[in-house]
Amino acid sequence: MASIRLENITNYSCKCVNLEIKDGQMMVVVGQTGAGKTTLLNIISGLVSYEGSVYFDEECMDSISPRYRDVGYLFQSFALFPNLTVRENIAFGLEVRHMRQEDIAKRVNELTSMLAIEHIVDRYPKGLSGGEKQRVAFARTLAPKPKILLLDEPFSSLDPRTASVLRSEIRSLQKRLHITTIFVTHNQKEAFDLADSVAVVDNGTIAQVGKPLEMLFYPKTPSVHYLLGSPTILKCDEVVVLDFGLAKVLSGSLSLIVAHEGGFFNKLAILSNEIRLSKYPIESAIPNKFKARVSDVKFQKTIAHISLEIQGTTLMAELSMVNWEQLRVDIEDEIFIAIPFSAIKIS
Amino acid sequence: MNSQKNLYMSRLRGVFSLLVFIGIWECSVRFGWVPFKVYFPPFSQVALDIKEMLFENLLIQSYKSSLVRVLFGFIIGATSGIALGVWMGWSEKVYDFLKPIVSILYPIPALGWLPLLMLLIGINEVLPVVIIFICSFFPIVYNTVTGIQEVKKEYINAAKLLGAGDFTILRKIVIPQALPYIFIGLKLESGAAWRTVVAAEMIAIPTGIGALMMRAENLMRIDIILVCLIVLSLMCLIFEGFFSYLERKMTAKWN
C-alpha cells in the first residue's frame with residue numbers, strides 16, 4: 001500500500017492544500033457541501049487538473065494518468081455500469097488488465113463472498129437496493145487491489161441502519177487489507193466511527209488535521225467546532241466506574257452515565273446534534289434524561305442552535321429548522337432532553 | 001401475469017381498431033357513402049389487387065427497386081452517421097469543429113437536395129441512394145451525439161480509474177449506454193427513408209414504388225395507388241419494428 005502526500009495543491013476549488021496520510025491509515029475528510037472535499041479526491045485520483053504535487057509514497061503522480069494511478073474510487077452515486085451485470089461490473093477492472101479468465105472468476109468469487117453478494121452476481125444494477133449497489137461498487141473498487149482507496153460519501157443515499165452496518169464492514173475490511181483510505185463525509189458521526197485521523201476542509205483549505213478526539217476537544221477554528229458537531233465541553237468533577245463498561249460522571253450539578261472502556265478521562269464532549277429533544281417526558285430506554293429550560297435559540301441557515309439550561313449547566317443542542325418548528329417550544333419554556341451514549345465522547 | 005394480460009388487451013384493442021377502420025372503408029364504398037367523383041375501390045377489391053399484382057410481378061419489380069435503394073442508402077447513412085456521431089460525441093474538439101456544419105445541413109429536407117443532385121449526379125441509380133443517405137445520415141448523427149454525450153461522466157471516470165483505455169470505455173460502457181438514443185434515430189429514419197425514396201421516385205426516378213404510383217395516377221388506377229400506399233406503410237412498420245426488436249434485444253435487460 002502507499003502513503004499519500006499533497007503539496008501546495010491549488011485549483012478552482014482548493015487553496016494551497018498540504019496534507020499527509022500515512023500508509024494503511026484511514027483519514028476522514030469532513031466539510032460542508034461545496035467545501036472542496038470531492039475535488040480533493042478528484043485531485044488525488046487525477047480526474048481534475050491542479051497545481052502543486054501529489055505523491056504516493058515518494059513517487060510524484062502529477063504526470064500520471066488516472067488510469068495508471070492504481071487508485072480505487074467509490075463514487076457517491078456508486079457509478080455502477082448499468083449495462084453490465086454485477087459480475088461484469090466487478091470483473092471490469094480485471095478484464096482491462098487482461099488477466100486470465102480463471103483468475104478473474106476466482107477474484108470475483110472471493111469478493112462476492114467477502115461482501116455477501118454471491119446471490120446477485122447475474123443481476124443488473126437497476127434491480128439492486130441501495131445497500132446492494134454499495135456492496136457491488138465496493139467490490140468493484142477493491143477488485144484490482146488498488147494501493148489507495150478513495151470513498152466519496154458512500155453512505156449518504158442509504159438509510160441509517162444499512163449505512164451503520166456497511167460502515168463497520170468497510171472499516172474492518174480496510175483494516176484487514178491495510179489499505180490507505182480517504183473517506184469524505186459531511187457526517188461527523190462517520191468521522192468518529194471510522195477515522196484514524198480527521199481533516200476538516202473549509203472553503204477549499206484544510207482548517208485542521210488530527211486525531212478525532214483531539215479535534216473534538218481542541219478545535220482550532222469555529223468551523224472545525226461546528227463541523228464536528230458543535231460539542232459542549234464539560235469538565236469531570238468526579239468519575240465513578242460502574243459495571244458493564246459504564247461510568248457515572250459528575251460535572252457541576254449534572255450527573256451523566258457514559259460508556260467507558262477503561263482509562264483515565266477528565267473531560268466530556270456532548271455532541272449537540274445528537275441530543276434528543278421533546279416537549280413531553282421521554283419514555284424510551286435512553287439514559288441521561290433531564291428536564292431543561294430553553295435559554296436561547298439562534299438560527300443559522302437551516303439549523304436551530306438551542307441553548308439549554310440543566311441544573312445550572314448550559315448545553316448546546318442542534319435541530320433542523322423544520323424539527324424545531326414542529327417542537328412548538330419558545331425561549332424560557334421547559335423541555336425534556338435525552339443524551340444517548342453516542343452523543344458523549346470522553347477524553 | 002398482470003402486465004402480460006395488459007399487453008394482450010392492448011394488442012387486442014389495436015387489432016380491433018384496424019378491423020373497424022377496414023369495415024368502415026368497405027361499407028362506405030359498398031353503400032355509396034363516398035363523395036368521390038372517380039371509382040374508389042373497397043378494401044376487398046384492394047386485397048384482390050394485391051394478390052393479382054403479386055402474380056403479375058409488377059409490384060414485386062417496383063418494390064425490389066425501392067427496397068435496394070432504401071437498403072443501400074440507409075445502411076451507408078446509418079453506419080457512417082453512427083460512426084461520426086460517436087466520434088463527435090466522444091471528442092470535444094471534433095464536436096466543436098463539426099457541429100456548425102452539421103447544424104447547417106441537418107435542417108435541410110432530403111428532397112431539397114434533389115434538384116442539385118440531379119444536376120451533379122444525373123438521373124441514375126446513385127441518385128436515390130444519395131438522397132436516402134442524406135435523409136438518414138444527419139438525424140442519426142444528431143441522435144448518436146446526444147446519446148454519447150448523455151452518458152454520465154461518472155461512468156467514464158469510474159472506468160478510467162479501473163484502468164480502461166478510451167477504446168474499451170467507448171466499446172464497453174459508452175456506446176452500449178447510448179444505444180437507446182441511437183435506436184430512436186434508426187427507427188425514425190428507417191421509416192423516413194421509405195417515405196423519401198417514394199417521393200424521389202415520384203419526382204425524378206422512373207422506377208420503383210413511387211414511379212408506379214405516378215403511372216397509376218395517369219391511368220386513374222386508384223386500386224394500384226392504394227396497394228402501393230399499403231406496401232409503403234407496411235415497409236415503414238417492418239423496418240421500425242425490426243429496430244424496435246433489435247433495441248429490446250440489446251438493451252431491455254438493463255435499461
Side-chain angles (χ1 to χ4, degrees), chain A residues 38 41-42 44-48 61 64-86 88-99 104 122-128 133 136-152, chain B residues 1-4 82 85-86 89-93 96 143-186 243-255:
Chain A
T38 301
L41 296 190
N42 290 340
I44 294 168
S45 58
L47 289 176
V48 294
M61 307 304 287
I64 295 177
S65 127
R67 196 180 161 193
Y68 300 111
R69 287 201 181 192
D70 209 0
V71 164
Y73 195 137
L74 186 56
F75 290 86
Q76 191 173 359
S77 64
F78 310 135
L80 291 175
F81 307 132
N83 56 310
L84 303 183
T85 62
V86 166
E88 289 164 342
N89 261 285
I90 299 170
F92 186 86
L94 308 172
E95 275 170 2
V96 297
R97 284 169 171 77
H98 306 293
M99 274 174 71
I104 292 175
D122 293 320
R123 279 162 58 183
Y124 285 90
K126 75 168 179 182
L128 303 179
K133 279 183 188 164
V136 175
F138 196 48
R140 183 182 72 177
T141 308
L142 290 178
K145 298 186 177 169
K147 56 184 176 189
I148 282 158
L149 199 55
L150 306 175
L151 312 175
D152 187 8
Chain B
M1 199 63 200
N2 222 0
S3 70
Q4 247 183 350
I82 291 171
V86 169
W90 183 248
S91 163
E92 233 169 85
K93 283 177 194 162
D96 291 343
N143 274 59
T144 309
V145 169
T146 309
I148 299 286
Q149 289 179 340
E150 282 293 309
V151 175
K152 283 186 195 160
K153 188 95 177 118
E154 259 185 5
Y155 296 133
I156 297 166
N157 284 342
K160 224 182 260 184
L161 287 163
L162 286 164
D166 283 0
F167 182 67
T168 310
I169 296 174
L170 261 177
R171 191 168 58 87
K172 287 196 153 187
I173 308 299
V174 176
I175 293 175
Q177 287 186 48
L179 280 179
Y181 285 86
I182 296 173
F183 273 113
I184 288 173
L186 290 174
F243 286 114
S244 293
Y245 168 78
L246 219 57
E247 183 186 13
R248 273 199 305 278
K249 271 269 177 210
M250 294 171 83
T251 65
K253 273 187 203 161
W254 57 268
N255 194 19

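Each chain gets a letter, A, B and so on, in the order its sequence line appears, and its residues count up from 1.
- When all heavy atoms are compared, the tightest approach of B/Leu161 to A/Phe75 is CD1-CZ, 4.0 Å.
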- Check step by step if side-chain contact (heavy atoms from CB on, under 4.5 Å) holds for A/Tyr73 and B/Asn157. CA-CA 9 Å; A/Tyr73 195 137; B/Asn157 284 342; over 6 Å; no
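- Remark: A/Glu95 CD to B/Leu162 CG distance equals 11.5 Å, nearest 0.5 Å.
- Rounded to the nearest 0.5 angstrom, A/Ser45 OG and B/Lys160 NZ are separated by 10.0 Å.
- With a 4.5 angstrom heavy-atom cutoff, A/Pro144 touches chain B only via side-chain atoms.
- Proximity to chain B is absent for every atom of A/Arg69, based on heavy atoms less than 4.5 angstrom apart.
- In this structure, CZ in A/Phe81 is found 10.0 Å from CD1 in B/Ile156, a value given to the nearest 0.5 Å.
- From B/Ile175, atom CD1 reaches atom CG of A/Asn83 across 11.0 Å, with rounding to the nearest 0.5 Å.
- Proximity to chain A (any heavy atom under 4.5 Å) is shown, for B/Lys152, by neither the backbone nor the side chain.
- Considering every non-hydrogen atom in both A/Lys126 and B/Ala252, the closest pair reads NZ-O, 3.6 Å.
- Interface residue A/Phe92: only side-chain heavy atoms are found under 4.5 Å from chain B.
- Within a 6.0 Å radius of CE in A/Met99, more than 12 heavy atoms belonging to other residues, nucleotides or ligands are found.
- Ion pairing between a basic and an acidic side chain is recognised when a charged N comes within 4.0 Å of a carboxylate O; A/Glu88 and B/Lys172 show no such pairing.
- Of all the heavy atoms in A/Pro82 and B/Gln177, the pair that sits closest is CD-NE2, 3.4 Å.
- Neither the backbone nor the side chain of A/Arg123 comes within less than 4.5 Å of any heavy atom in chain B.
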- When you look at A/Leu84 and B/Ile173, which way does the side-chain contact (heavy atoms from CB on, under 4.5 Å) test go after all the steps? CA-CA 8 Å; A/Leu84 303 183; B/Ile173 308 299; 4.1 Å; yes
